[in-house]
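Working notes, structure below.
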Amino acid sequence: MSAESSAYAGPARRPLAEGGPVAAALLTALGLVVGVWPLSTVVQPGSWSAGATGVATTVILAGAAVRLLARRAPAWVAIPAVPVVQLIAGAIALTVFAARQLGTAWLLPTPEVWRAVDALVSAALGEIRGGVAPLASTPALAVSIAFAAGLIAVVLDLVLVPLRSPIVAAVLVSLLGAVPAIVVHHGVDPVWFIGLAIVILLFLRVRFRPTGSSRAPEEDGPAREGARTAAAAPAPTRRLPAVMIGALAIVAALVVAPLLPVSAAGISTGGGTTTLSATLNLGQDLRRPSPVTALTLITQDGTPPYLRIATLSRFDGSTWQPDRPATVPLSQGFGEVIAPDGVAVHTGKTTVRTAGIAGSWLPVPYQATGVRGETGTWNAAADNRTVVAANADAADQNYTIDTKTLVPTLDQIRAASASGSDAPAELRALPSDLPAIISDDARQVIGGATNDYDRLIALQTWFRAGFRYSLQTPVDDRFDGTNVDAVAKFLTVREGYCVHFAGAFALMARSLGMPTRIVVGYLPGTATDRRSDDGKVVFEVSSDQLHSWPEVYFSGIGWIPFEPTASRGVPTAFAAATGSGSGGDTAATTGPTPVPTSTGGTKDPKNLDVPEAGATGSATPNGLLTAPALWTMGGVVVVLLMPAALRRLQIVRRRSAARRGDAAAAWTELRAALQDLGLPAPPAESPRRRGERLVRERGVDPAAMEALVRAIERTSYAPPGSSADAGDLRAPLDAIRRALRRQVSRRDRIAAALIPRSLLGARLLAASAS
């Protein structure tokens, strides 16, 4: 019986596997990925993933490199050196990503860089407070996420390695991943729970050696190898419970996750649920490859209306901000709809049943006067006739809305003024850096129109006749946004989708002095073959019928919607009076309602806010997801190649030391080479016995082996203070390594290069001893 086997006299006292610098780097990277990945549910794909990957990878690699290079340094130097170097490396990476023009040599951070980062972080906080998920991947958000990812990587590495607090690390990763699921109504992802379970088990299973004076076993001299016993290795009987716990955790994640309930706090099941957003960030839902039913509705007169969620009036040059009107409990209603003398009023009733949506708004037609049948606590906003949650969720609602809509005649709307209305000044506000093309095109399009309504109809006709609908062109040409530069690019390219049409129309009308706002909601539904109990047609609205359209305020009449989006919806067109024109209730046929009807356009009978079949620039989800997918794959490749790169750095360092006669470095590298190739390297084996065995069993050159054994014995057993120059040991070391590589298969050689087992910790390899 060998010395190693005889050491198993009792149960192991330390059932944890011991990891080295590469294991620490890999586990930190894995924990960070699991913690940050759920951000994809609250931030749209964009440059933020590249920034987070770049900064975090730089921080993690810097930490691993410092630990490898500082193994022989005193602990009081090596341990604090890791986070210091990581912070410096992260600052450099953040400078390159966020503000390299302000950095020294485009690399080193300067005070100007930190001021720019501070401004971007402040802007991101404002976007988070004022926006609704999923947020657009703006430069401010991208820099903030990259900054946070770097700091989290430093903290996670610090908690795992020197502090040895796996529970704290597990809590940190869990909180990072849980926050997006709490604030956004998205389906529970079992894959994320599986990843979290695996990461937590690894946190608890692997312990890391402190950097510095507590050197790794493979760095110790062979004289210490014989003193170690295998009792420190995990006992075989202790491995089974960990495997069982891991399996149970994964099974629990698969079984329990789909059963988690829907709640107003933000967790919802079903990956097809659409989260209602009071912003113009509609591209992600419009590009989804498989639309789902968002809601169904029944109308009193059989004509489905547009359904609004929110209005956006404030524009700062970058984004349209959702309105925050004063609200009252929904039971108090919205107030009466007051019609000017002679303007007809159409009374309607619509019943809505939500199916695949969630969020803090109830879709309602314009102008709502009352809502009943809803569940939960809701508030009514009289200013824009919307319904906002106080403590409720739009999921699984069944409610009825009463409406009263003004229906002016053509003469009445032409006589009303938009540019001379008494609407608040903020509804006409324009940014100082408005591109000239916006106002120039507006003046050119309206030509000699003599009233505001005809001017707006000219704009509407110009958009619908001269532009093309495309979900993909804004992504390909990099103007998929709402800022003034995106609008200018849209007016040049003349291809985009509802967000671009509505934004351009609203800004052009404002340049003519008219008050405007943008509405976010749904196009009218598509008729189905189902009928209600009283025989009414049931209309279905799908997730890709999300839409946005502009409204213009006319004095005495109120907000009038327009439909500039090419091939979508129905353009606004009021009819001339056919009767006495007296006020009171009237049928919808006397003229269009302020919300376009759903009779359908010639190119799109279903009114879907998706491109026409075969149209140029038709939408696919691939264009939006290509960049983050490539960055993700690139990040995975970098993480996978980290062990190979760090092992190569280790080999170069040890070979250089062997050339200078460092026998301990040469012997350590020999032991690591054996471990990488999967060959036995028992810790209790003496250098001479190992040398004899390798010559006998592996065909190693006896002279090269004798030179290395003689050098390590002289170093290990020479009297203290004596000097023993072993000469250049790199040549015999290289000869032995080449001989060992010839003894294994090509697959083992590739595995040794890509997955060097010597970096994963000696205790994981204790079972290979013979």
Side-chain angles (χ1 to χ4, degrees), residues 1-7 216-230 233 647-648 650-718 722 724-753 755-760 762-770:
M1 181 180 295
S2 68
E4 183 181 20
S5 60
S6 64
E218 61 267 27
E219 296 281 46
D220 293 339
R224 293 183 178 271
E225 286 186 359
R228 288 192 304 267
T229 65
R647 176 70 176 105
R648 189 62 197 170
Q650 191 180 69
I651 292 173
V652 170
R653 180 170 61 87
R654 289 173 178 168
R655 289 181 69 247
S656 177
R659 182 178 59 82
R660 299 191 301 269
D662 188 338
W667 190 259
T668 298
E669 177 53 35
L670 170 60
R671 185 168 186 266
L674 289 169
Q675 293 172 339
D676 290 344
L677 295 171
L679 300 175
E685 190 175 44
S686 68
R688 185 153 297 277
R689 173 177 289 186
R690 180 172 297 174
E692 294 171 351
R693 180 173 60 81
L694 293 180
V695 171
R696 181 177 64 255
E697 299 177 359
R698 303 297 174 184
V700 172
D701 180 17
M705 194 72 248
E706 177 62 25
L708 203 58
V709 169
R710 192 167 53 248
I712 194 61
E713 287 180 340
R714 187 182 302 115
T715 298
S716 300
Y717 303 114
S722 63
D725 185 6
D728 187 352
L729 297 176
R730 183 169 63 178
L733 174 63
D734 289 347
I736 295 171
R737 293 178 73 249
R738 287 194 297 269
L740 293 175
R741 289 177 61 82
R742 287 194 297 268
Q743 292 293 314
V744 299
S745 65
R746 177 181 298 179
R747 184 185 65 180
D748 290 337
R749 291 196 295 271
I750 294 175
I755 313 174
R757 284 175 279 188
S758 61
L759 294 179
L760 299 180
R763 296 190 182 280
L764 292 175
L765 300 166
S768 64
S770 61

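The chain is numbered in sequence order, starting from 1. Model, not experiment: these values are computed from the prediction.
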Q) Quick check: does any side chain N or O of R749 sit under 3.5 Å from a backbone N or O of V744, one acting as donor and the other as acceptor? A)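 It does hold such a pair.
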Q: Verify, without hydrogens or angle tests, whether R690 (side chain) and P682 (backbone) share a donor-acceptor contact under 3.5 angstrom.
A: yes
Nearest 0.5 angstrom please: [X] [atom1] to [Y] [atom2], how far?
X	Y	atom1	atom2	value
L729	I736	CG	CD1	9.5 Å
E706	D701	CD	CG	11.0 Å
I651	R737	CD1	CZ	4.5 Å
L677	R757	CG	CZ	8.0 Å
D662	T715	CG	OG1	7.5 Å
L679	R741	CG	CZ	11.0 Å

Q) Going through the checks in order, is the side-chain hydrogen bond (donor to acceptor under 3.5 Å, both in side chains) test met by R653 and Q650? A) CA-CA 5 Å; R653 180 170 61 87; Q650 191 180 69; over 6 Å; no
How close do [X] and [Y] get, counting heavy atoms only, and between which atoms?
X	Y	answer
A672	R654	CB-NH1, 3.6 Å
V709	G691	CG2-CA, 4.2 Å
A704	P732	O-CB, 3.6 Å
R647	S758	NE-OG, 3.4 Å

Q.
With heavy-atom distances below 4.5 Å as the criterion, would you say the side chains of P683 and R671 are in contact?
A. yes
(Q) Contact between I755 and D676 at the side-chain level, heavy atoms closer than 4.5 Å - yes or no? (A)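 No - every pair of side-chain heavy atoms lies 4.5 Å or more apart.
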Q.
Under 4.0 Å between a side-chain nitrogen and a carboxylate oxygen: does that hold for R689 and E685?
A.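 Salt bridge between R689 and E685, a charged N being under 4.0 Å from a carboxylate O: no.
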Q: Considering only NZ, NE, NH1 and NH2 on the basic side and carboxylate oxygens on the acidic side, decide whether R655 and E669 come within less than 4.0 Å.
A: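 Judged by the 4.0 Å cut-off on N to carboxylate O distance, R655 and E669 do not form a salt bridge.
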Q. Has R698 got more than 12 heavy atoms of other residues, nucleotides or ligands less than 6.0 Å from its CZ?
A.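 Yes, CZ of R698 has more than 12 neighbouring heavy atoms, counting only those of other groups under 6.0 Å.
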Q: Verify the neighbour count for atom CZ of R696: are there more than 12 heavy atoms of other residues, nucleotides or ligands below 6.0 Å?
A: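 Yes.
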Q.
Apply side-chain contact (heavy atoms from CB on, under 4.5 Å) to residues L694 and L674 and explain how you reach the verdict.
A. CA-CA 10 Å; L694 293 180; L674 289 169; 4.0 Å; yes
